[in-house]
Visitor: 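What follows is a single structure, and I will ask about it in a moment.
Reminder, nothing fancy here: chain letters follow the sequence lines and each chain counts from 1.
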Amino acid sequence: MVRTRFAPSPTGYLHVGGARTALFNWLFTRKEGGKFILRIEDTDLERSTKEYEKLIMDALRWLGLEWDEGPDIGGEKGPYRQSERKKQGIYDEYARKLIEMKRAVYVVYDKQDSSKELFESLEYPEEYAQKGHDITVKFKMPKGERIVFHDLLKGQMSFMSDDLGDFIIMKSNGFPTYNFAVVVDDHLMEITHIFRGEDHLSNTPKQISIYKAFGWEVPQFMHIPLILGKDRSPLSKRHGATSVDHFRTEGYLPDGLLNYLALLGWKVEEGKEIFRISERIESFSLSDISNKSVIFDYEKLEWVNGKHLRSMEIERLCFEFRRYLDFIGMIELTELLDRDKLYTMEVLDICREKVNTMKQLLDISLPFFNDEYEYEEKYIEGYLKKDFAIPLLQEAIDMFDKNEDWTVEGCERVMRELASKNIASKKKTFQLIRGAILGKLVTPGLFISLSVLGKGRVLRRLSKTMDLAKSLS
RNA sequence: GCCCCCAUCGUCUAGCGGCCUAGGACACUGGCCUUUCAAGCCAGAGGCAGGGGUUCGAAUCCCCUUGGGGGCGCCA
């Protein structure tokens with residue numbers, strides 16, 4: 001049975017790199033029919049917070065990367081928070097075992113200068129502890145040993161133990177260090193495959209030494225290349241936002257983000273770069289993952305997202321849009337959308353042709369939902385204040401008032417007839433009406449917009465604009 | 001300093017000794033469409049890091065150099 005895990009430390013938001021790691025773990029596990037485990041590595045007391053833990057879990061859930069065992073849902077191998085496991089004495093127990101096996105020692109530090117090691121001991125230095133000396137436990141690396149392992153991506157790896165050196169496994173505050181806690185937990189949780197960032201590659205031989213010391217079976221490793229920024233330095237805030245939450249507030253879809261993350265360093269057949277991740281579980285293969293670090297391309301992400309936005313079933317888009325508004329706290333608008341679901345659907349359907357993200361979708365669709373839309377300055381100056389504005393609007397009101405055919409074709413007929421009256425050029429005529437009914441000069445197609453808005457709204461808006469035009473002259 | 005990983009258009013990649021005159025996608029440029037802006041369609045520009053080998057033949061195999069990244073924490 002395949003068992004994998006994603007083990008973030010709650011010291012910040014979920015980073016796109018972390019999301020990508022989680023994605024590969026999840027994908028592999030779902031394909032193999034195994035269990036995907038979420039473990040919270042909160043051994044860094046200073047920086048870990050419950051808030052970040054919640055944010056990370058929310059972000060993973062939003063992406064749809066559901067876990068089978070974890071701190072919130074429990075499971076047989078829990079607890080799933082390292083702080084809780086520490087409380088149960090799990091790490092103490094295994095550290096003690098290593099000391100008994102003479103594979104680890106206590107280290108006593110100078111009281112004044114805690115960076116200075118006084119001595120090592122196999123016995124617990126009780127009296128020094130009483131006197132307030134810092135005491136850690138250090139793992140002793142074997143001497144002159146070649147540590148080899150097979151990385152699923154890198155192939156055969158080989159390190160000399162002497163290059164690595166001894167390292168601390170229990171801190172003086174009683175908490176385990178990362179390299180120790182992962183091994184103990186991965187073993188106890190019966191993890192079979194570890195997919196993680198390449199930054200852990202050099203730590204792996206240390207961890208393998210611990211597995212070997214205990215005589216535990218070593219899991220399979222696969223170290224995934226890191227995501228870099230445009231200048232090839234590690235992706236960070238300098239390059240732009242990196243947290244999943246940011247992309248969520250920017251209006252990216254889970255499908256879009258996931259698709260892009262998969263595409264990053266993933267071999268895809270020509271013409272098949274747009275897909276829903278759930279449709280790719282079956283065909284997922286570890287050998288599709290490239291072994292080269294990759295640069296995060298915000299533009300391609302937006303393109304991928306736009307593809308999803310435009311091609312997904314409209315019902316799902318409505319659902320995602322609503323969820324998005326909830327997320328960014330636009331509750332009033334949500335209520336408005338729910339009032340006329342059919343209208344909402346029609347509006348979003350014509351608006352999505354123009355945009356790539358839901359933030360942009362909100363921008364362009366807002367005037368459809370809100371009769372109190374604002375007029376762009378450019379529209380007022382360039383069209384509404386012109387001489388042709390009032391006569392043209394008057395004519396439009398008359399014609400649309402008489403119009404009974406509100407299909408797209410019907411609206412087109414009216415518009416073309418209006419233009420043929422030569423009150424203004426065709427372009428000016430169309431733009432004046434466009435701005436009159438939506439306040440903007442960039443909108444979905446004019447005929448379809450008129451059709452979707454319908455007679456009531458169009459007439460209301462035309463006369464509202466007429467009032468404004470008159471007040472301006 | 002020591003150890004490790006990586007190297008094809010600006011970016012993500014195809015390529016695994018002859019199908020390569022190096023293919024696709026994003027971005028870019030031009031065109032078409034057109035009521036705006038997009039989308040869409042068509043076309044174009046753009047790359048095997050460098051040097052040695054191996055071979056009849058190298059983007060592909062080997063070595064070196066260079067460049068980028070990671071690790072060597074009482075961070076994870």
Side-chain angles (χ1 to χ4, degrees), chain A residues 7-12 41-48 82 107 109 114-115 134-138 151 153-155 157-160 162-165 167-179 181-182 196-206 223 225-228 230-234 260 263-274 288 290-304 306-307 309-310 351-356 360 364 378-379 412 415-416 419 425-435 438 440-447 449:
Chain A
S9 50
T11 56
E41 310 220 324
D42 55 351
T43 54
D44 184 344
L45 266 15
E46 321 274 290
R47 298 192 299 144
S48 300
Q82 288 186 331
V107 180
Y109 297 83
S114 61
S115 67
D134 277 356
I135 295 167
T136 66
V137 178
K138 200 181 249 189
D151 186 279
L153 193 58
K154 311 282 181 197
M157 297 293 309
S158 170
F159 291 83
M160 284 307 296
D162 305 76
D163 291 328
L164 273 13
F167 57 96
I168 291 170
I169 57 175
M170 294 295 285
K171 308 181 208 172
S172 58
N173 65 3
F175 276 79
T177 60
Y178 165 74
N179 279 127
V182 248
R196 47 155 55 149
E198 202 179 84
D199 48 337
H200 292 291
L201 188 58
S202 301
N203 284 143
T204 306
K206 288 182 182 176
H223 290 92
L226 269 16
I227 299 180
L228 308 177
K230 264 227 141 49
D231 58 358
R232 297 213 151 269
S233 67
Y260 176 67
L263 227 46
L264 246 194
W266 196 356
K267 301 163 188 168
V268 221
E269 274 180 71
E270 277 179 35
K272 293 193 174 175
E273 46 275 302
I274 301 301
D288 290 338
S290 110
N291 65 154
K292 192 183 124 189
S293 47
V294 289
I295 290 170
F296 197 84
D297 184 345
Y298 290 84
E299 285 171 334
K300 188 151 186 176
L301 167 62
E302 189 175 322
W303 175 77
V304 169
K307 283 283 190 187
L309 199 72
R310 264 169 262 120
C351 287
R352 66 167 160 174
E353 299 304 323
K354 314 259 135 193
V355 298
N356 289 324
Q360 296 163 4
I364 198 164
K378 260 199 303 197
Y379 172 68
E412 173 165 5
M415 278 311 300
R416 295 216 182 272
S425 71
K426 188 164 86 173
K427 180 172 173 175
K428 282 176 180 156
T429 304
F430 282 34
Q431 288 295 75
L432 181 85
I433 301 304
R434 182 192 307 283
L438 291 164
K440 297 178 181 227
L441 293 173
V442 175
T443 73
L446 182 54
F447 315 141
S449 294

Visitor: Which part of the nucleic acid, if any, lies within reach of A:Leu201 when heavy atoms closer than 4.0 Å are counted: base, sugar-phosphate only, or nothing?
Guide: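 Sugar-phosphate contact only - A:Leu201 comes under 4.0 Å of backbone atoms but never of a base.
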Visitor: Under 4.0 Å, heavy atoms only, any strand: does A:Pro234 hit a base, just the sugar-phosphate, or nothing?
Guide: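 Touches sugar-phosphate only.
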Visitor: Using a cut-off of 4.0 Å on non-hydrogen atoms, how would the nucleic acid contact of A:Ser114 be classed: base, sugar-phosphate, or nothing?
Guide: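 It contacts base atoms.
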Visitor: Heavy atoms only, 4.0 Å cut-off, all strands: where does A:His200 land among base, sugar-phosphate and nothing?
Guide: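 The residue A:His200 makes base contact.
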Visitor: Remember a base hit wins even if backbone is also touched, and classify A:Gly445 as base, sugar-phosphate or nothing at under 4.0 Å, heavy atoms.
Guide: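 Base, at least one base atom sits under 4.0 Å.
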Visitor: Please report, rounded to the nearest Å, how far the P atom of B:rA14 is from the NZ atom of A:Lys292.
Guide: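 Distance, rounded to whole Å: 9 Å.
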Visitor: Side-chain donor or acceptor of A:Asn203 under 3.5 Å from a matching atom on the base of B:rA76?
Guide: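 Counting by modelled atom types and ignoring angles, a donor-acceptor contact under 3.5 Å is found here.
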Visitor: How is A:Phe175 classified with respect to the nucleic acid when contacts are heavy atoms under 4.0 Å: base, sugar-phosphate, or nothing?
Guide: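 Touches nothing.
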Visitor: Mind calculating the distance between CG (A:Asp199) and P (B:rC6) to the nearest angstrom?
Guide: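 These atoms are roughly 15 Å apart.
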Visitor: When you measure from the side chain of A:Ile168, which nucleotide among B:rC74, B:rC75, B:rC26 comes out closest?
Guide: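 In terms of side-chain proximity for A:Ile168, the closest of B:rC74, B:rC75, B:rC26 is B:rC74.
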Visitor: Using a cut-off of 4.0 Å on non-hydrogen atoms, how would the nucleic acid contact of A:Met170 be classed: base, sugar-phosphate, or nothing?
Guide: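 A:Met170: no heavy atom of the nucleic acid under 4.0 Å.
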Visitor: With the side chain of A:Phe430 defined as its heavy atoms from C-beta on, choose the nearest nucleotide among B:rU35, B:rC74, B:rA76.
Guide: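 Minimum distance to the A:Phe430 side chain belongs to B:rU35.
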Visitor: Between A:Asn356 and A:Leu264, which residue's closest nucleotide on RNA chain B lies nearer the 5′ terminus?
Guide: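 It is A:Leu264 whose nearest nucleotide is closer to the 5' end.
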Visitor: Please classify the nucleic acid contact of A:Leu446 as base, sugar-phosphate, or nothing, using heavy-atom distances under 4.0 Å.
Guide: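 Base contact.
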Visitor: Report the distance from atom CD of A:Glu198 to atom C1' of B:rA76, rounded to the nearest whole Å.
Guide: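 Rounding to the nearest Å, CD of A:Glu198 and C1' of B:rA76 are 17 Å apart.
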Visitor: Is A:Ser9 touching bases, backbone alone, or none of the nucleic acid, heavy atoms closer than 4.0 Å?
Guide: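 Touches sugar-phosphate only.
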Visitor: Taking NZ from A:Lys206 and C1' from B:rG70, how many angstroms apart are they, rounded to a whole number?
Guide: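 It works out to 13 Å between those atoms.
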Visitor: When all nucleic acid strands are considered with a 4.0 Å heavy-atom cut-off, which category describes A:Arg196: base, sugar-phosphate, or nothing?
Guide: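 Touches nothing.
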Visitor: Between B:rG40 atom P and A:Trp303 atom CH2, what is the distance in whole Å?
Guide: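 In whole Å, B:rG40 P lies 8 Å from A:Trp303 CH2.
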Visitor: Which residue, A:Tyr260 or A:Glu299, contacts RNA chain B at a nucleotide closer to its 5' end, judged by nearest heavy atom?
Guide: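 Its nucleotide being nearer the 5' end, the pick is A:Tyr260.
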Visitor: Under 4.0 angstrom, heavy atoms only, what part of the nucleic acid is A:Thr429 near: base, sugar-phosphate, or nothing?
Guide: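 The residue A:Thr429 makes no contact with any strand.
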Visitor: Quick check: any donor-acceptor pair below 3.5 Å linking the side-chain of A:Ser172 to the base of B:rC74?
Guide: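 Result: at least one qualifying N/O pair found.
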Visitor: Reckon A:Tyr109 touches a base, only the sugar-phosphate, or nothing at all at heavy-atom distances under 4.0 Å?
Guide: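 Base, at least one base heavy atom under 4.0 Å.
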Visitor: For A:Lys428, does the NZ atom sit with more than 12 other heavy atoms under 6.0 Å from it, leaving out its own atoms?
Guide: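 Result for NZ/A:Lys428: open.
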Visitor: Which base sits across from B:rA7 as a Watson-Crick or G-U pair, both distances under 3.5 Å?
Guide: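 For B:rA7, the partner nucleotide comes out as B:rU66, under the 3.5 Å rule.
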Visitor: Assess the side chains of A:Thr177 and A:Asn179: does a donor N or O sit below 3.5 Å from an acceptor N or O?
Guide: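 The criterion, which ignores hydrogens and geometry beyond distance, is not satisfied for A:Asn179 and A:Thr177.
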Visitor: Could you tell me the Watson-Crick or G-U partner of B:rU35, where both distances fall under 3.5 Å? Say none if there is no partner.
Guide: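 Check on B:rU35: unpaired, no WC or wobble geometry under 3.5 Å.
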Visitor: In whole angstroms, how far is the P atom of B:rU34 from the NZ atom of A:Lys354?
Guide: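 Taking atom P of B:rU34 as the reference, NZ of A:Lys354 is at 14 Å.
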Visitor: Among B:rG70, B:rG69, B:rC74, which nucleotide has an atom closest to any side-chain atom of A:Lys171?
Guide: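 Between B:rG70, B:rG69, B:rC74, the one nearest the side chain of A:Lys171 would be B:rC74.
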Visitor: When we call it a touch if two heavy atoms are under 4.0 Å apart, what does A:Lys138 touch: a base, just sugar-phosphate, or nothing?
Guide: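 If one applies the 4.0 Å heavy-atom cut-off, A:Lys138 turns out to touch nothing in the nucleic acid.
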Visitor: Please determine whether any donor N or O and acceptor N or O are separated by less than 3.5 Å between the side chain of A:Ser293 and the base of B:rG69.
Guide: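 Side chain to base: no pair present.
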